[in-house]
Amino acid sequence: AAGRFALVSLLLASLLRPSGSVAARLRAVRSSLGWPEAEPRAARGGRGAPPPLLIGVHLRAGDACDAEALARHNRTCEPLSAF
């Protein structure tokens, strides 16, 4: 089973790696947002401070916050800036 896990992991890592042009665009967007560059582990000699952590947040308004639903229910839907 461990051999299969390693094989699947390698295949997925290869399949899900962005193309060169997409990777370049991602680097440009991260730079424009002021995100620090992640230093490759090899450049740190395999140790040292890990790359900075990022937390992703999913805020879902969905159908509950459209005009029709708001008219039916006694609720409010806050804009993203409220969070």
Connected-component partners of Val22 among ILVMFWY, side-chain separation under 4.5 Å: Leu26

Minimum-distance pair of heavy atoms, taken over all atoms of Ala64 and Cys77: O-SG, 4.0 Å

Residues forming a side-chain contact (heavy atoms from CB on, under 4.5 Å) with Leu10, sequence neighbours excluded: none

Cys65 SG to His73 NE2 distance, which is reported to the nearest 0.5 Å: 10.5 Å

Within 6.0 angstrom of Arg30 CZ, more than 12 heavy atoms from elsewhere: yes

Exercise: identify the closest heavy-atom pair between Pro18 and Ala23: CB-N, 4.1 Å

Any residue meeting salt bridge (charged side-chain N to carboxylate O under 4.0 Å, His left out) with Arg72, in chain and number order, not counting sequence neighbours: Glu68

Ser31 (side chain) donor-acceptor with Ala28 (main chain) under 3.5 angstrom: no

